[in-house]
Amino acid sequence: MPRVKFINLFLLSQVEKRALEVPLNKQKLLIQGANGFGKSVIMKSLFEALGATPNKIDNRWKLANVSSCLEFEFAGRTWFSVKAHGIYSLFDDKGERRFWGQRLVKDWGPKLAEFFDFRLEMVEIDGETVTPPPAYLFAPFYVDQDGSWENTWSCFRRDFYLPESASTLADYHSGIKPDGYYSARAELTKEKIVLASLETAVETLRQAVKKIQEIEGTTPTYDLQEFKSECDDLVAESERLLALQAGHRRSVADLHEEAHLLRAEADLIKRTLIEMRGEFELASALPREIECPTCGHEYQNSLAEQFGLIEDEGVLSKALTDARSKLERVVEKETAERGKLEAIAESLARIQKILDVEKLDLSFNDVLVSAGKTEAAKILRTSLDEKIVAADGSRNNVESLRSSMNEYSDRKRTAEIKKFFQGLLSDYSQRLDVQLGDPEDQSISAINVARGSEGPRALLAYYYAFLHTKMKFTDNVRFPVVIDSPNQQGQDKVHLPQMLKFIFDHVPDDAQTIVATEDATGVDLRDVTIATYGEAKRQVLREKEFDRVTAVFDPFFQKILAME
């Protein structure tokens, strides 16, 4: 089974000129620190660097515009996931960028899912099938202090926007419903939309045929004045479409011009960055003391500090990213406007074709007279038969997809998984001094949380029972177990040590475990490395690490800004 191991986390603020390196290459790591000293920031940044949005982000952290880089091992190689300048990028151990993206659902998410072989597919409210954002991949492995100690499947609430997220996460990650089930379900949802459209068309045509049969027995009639009125309507519609067409053409021209200006702006900023890098490298290459050729006096070389080249580079880098992002949006709008123009042109062509028939002195009334009044009903019946056949085919597809889903939802396997989970939940609840009802009544997607200090312990029992179940019944990629601040609801001197020992002693499949807590003094934690961060309250980043961490980020920044 594939595994991921975290090696290092790098955090960098070019705004504050502060940075931090967090070594993670331990099997069991406890990050210790008082409230406000940054331990939760570190924990949130681990999966955020991979594209999962934390529940809460401090405003000061946002203003610091922190870039993050997570170094990890996977599939026998070392990788770097970098979040910087509004872009997510994955680099290999040779510094080559494998893929990147700005949007979690449209760009980055699907590429990361392919990288980790995450094949879950879900359906948005509008019926579109999507690969869910990365948070759906990491959900079982992260316990967040701002949501996970209140309810299950709340570690990335901002990202869990798709319908039935909690039940889908539980069924998928437990192995009750594997990849194939969700692929079939996504196709079923799309096919249901097609079927509903066809059934509506069938009913509409049936009503039309019925109305024609009710007019003068079974022989339909047609009024020439009514035909003239329809022609007038076609002319009016044509005029309306022409006006719309002119408006869209103006929009296309404006957007095209704006895109041209944005490209020029981005190129100018890029050239400025390149020139600035050259000036900085020139200044850095000069000796610390320079002798004046006229007077012989020696001067200190402080060009980089005097002109703030590094700071300017950060500002220009942000401006370049913003310009490119805006350019992408403008190009998308221009493409959309061109699509509307094409649709209007097609509508105008159809209207013109109908009107041309009238110009040749061939009216719809003539057609009805020559072909007989029953021809209209015949045409409608032909269309109705075609729609009925198409609806039957779509209905067969729906039944076939339902059968596929049933094949993946084996009742015997489901019962086995739930029994295993419920047995572990009962055992872990007793170990953590939690009173639960009948284990067989406990759902695999949620748990009834008691009030007070017992609630977080019940949730911990649930999370670990679920993790063990996932490890046993699925072969998907395993990530480190990350748990933030288990000391919730005032755990006493007995229960907090009990929870910490349980976390490290019962971690499933000997997975890498990273825990943050206020104080673990006096707790017997064997083989656990304890680290402390934060030199001042609300200031986990350090000035003294800025240059060293900047050197780590610099090769990545160059590739990101090059955008090639």
Side-chain angles (χ1 to χ4, degrees), residues 4-25 42 45-51 64-102 107-108 111-112 115 266-267 269-286 303-305 307-325 541-564:
V4 171
K5 184 177 182 181
F6 295 162
I7 305 301
N8 285 296
L9 174 68
F10 302 94
L11 303 173
L12 174 70
S13 171
Q14 291 179 310
V15 174
E16 295 185 349
K17 298 294 184 289
R18 297 174 185 270
L20 182 69
E21 177 183 357
V22 183
L24 302 168
N25 195 15
I42 294 173
S45 298
L46 292 173
F47 287 113
E48 186 185 18
L50 289 163
N65 193 24
V66 179
S67 299
S68 56
C69 170
L70 179 66
E71 180 184 359
F72 64 94
E73 291 179 353
F74 175 66
R77 296 188 62 178
T78 300
W79 306 88
F80 300 86
S81 184
V82 179
K83 175 181 175 290
H85 303 299
I87 296 173
Y88 296 91
S89 304
L90 184 76
F91 294 86
D92 60 24
D93 49 5
K94 296 180 180 178
E96 296 298 323
R97 186 164 65 164
R98 292 301 189 89
F99 56 84
W100 63 277
Q102 286 182 286
D107 301 327
W108 174 254
K111 296 171 185 175
L112 195 72
F115 178 74
D267 289 340
I269 296 173
K270 184 175 179 180
R271 289 197 299 272
T272 305
L273 270 172
I274 293 172
E275 292 173 2
M276 182 172 292
R277 284 181 176 273
E279 293 176 7
F280 178 76
E281 292 172 359
L282 175 62
S284 301
L286 292 174
L303 183 61
E305 290 79 358
F307 292 97
L309 293 177
I310 299 176
E311 182 177 357
D312 290 344
E313 181 179 348
V315 172
L316 286 174
S317 298
K318 181 64 167 57
L320 178 58
T321 302
D322 292 343
R324 284 171 169 165
S325 179
L541 303 183
R542 304 169 180 175
E543 292 181 4
K544 62 183 180 182
E545 295 194 32
F546 179 74
D547 291 339
R548 180 166 54 83
V549 174
T550 298
V552 174
F553 274 92
D554 191 59
F556 302 137
F557 284 164
Q558 292 184 32
K559 294 286 178 66
I560 292 171
L561 295 172
M563 297 290 285
E564 296 175 353

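Each of Asn25, Thr78, Asn8 was compared with Glu71 under the side-chain hydrogen bond (donor to acceptor under 3.5 Å, both in side chains) criterion, and only Asn8 meets it.
Within the 4.5 Å cutoff, side-chain heavy atoms of Phe47 are placed close to those of Phe6. Residues Arg97 and Phe91 are in side-chain contact: their nearest non-hydrogen atoms beyond the backbone lie under 4.5 Å apart. At least one side-chain heavy atom of Cys69 sits less than 4.5 Å from a side-chain heavy atom of Phe556. In this structure the side chain of Leu20 never reaches within 4.5 angstrom of the side chain of Arg18, judged on heavy atoms. Annotation: side chain of Gln14 is not in contact with side chain of Asn65 (no heavy-atom distance under 4.5 Å). Under the 4.5 Å side-chain criterion, counting only non-hydrogen atoms from C-beta, Trp108 is not in contact with Lys83. At least one side-chain heavy atom of Phe553 sits under 4.5 Å from a side-chain heavy atom of Val82. For the pair Ile560 and Trp100, the minimum side-chain heavy-atom distance is 4.5 Å or more.
Although no hydrogens or angles enter the test, the distance criterion places a donor-acceptor pair under 3.5 Å between the side chain of Ser13 and the main chain of Ala64. In this structure a side-chain-to-backbone donor-acceptor pair under 3.5 Å is present from Glu545 to Glu21. For Trp79 (side chain) and Leu70 (main-chain N/O), no donor-acceptor pair under 3.5 Å exists by modelled atom type.
Taking each heavy atom of Leu50 and Leu112 in turn, the nearest pair found is O-CD2, 3.3 Å. When all heavy atoms of Leu11 and Ser68 are compared, the pair lying nearest together is CD2-CB, 3.7 Å. Taking both residues in full, the closest heavy atoms of Ser67 and Phe557 are given as OG-CZ, 3.9 Å, listed atom of the first, atom of the second, then distance.
Considering CZ of Arg98 and CG of Asp92, their distance stands at 4.5 Å, rounded to 0.5 Å. Interatomic distance, NZ of Lys111 versus OG of Ser89, reported as 9.5 Å (0.5 Å rounding). Taking CG of Leu541 as the start and CG of Leu12 as the end, the distance is 8.5 Å to the nearest 0.5 Å.
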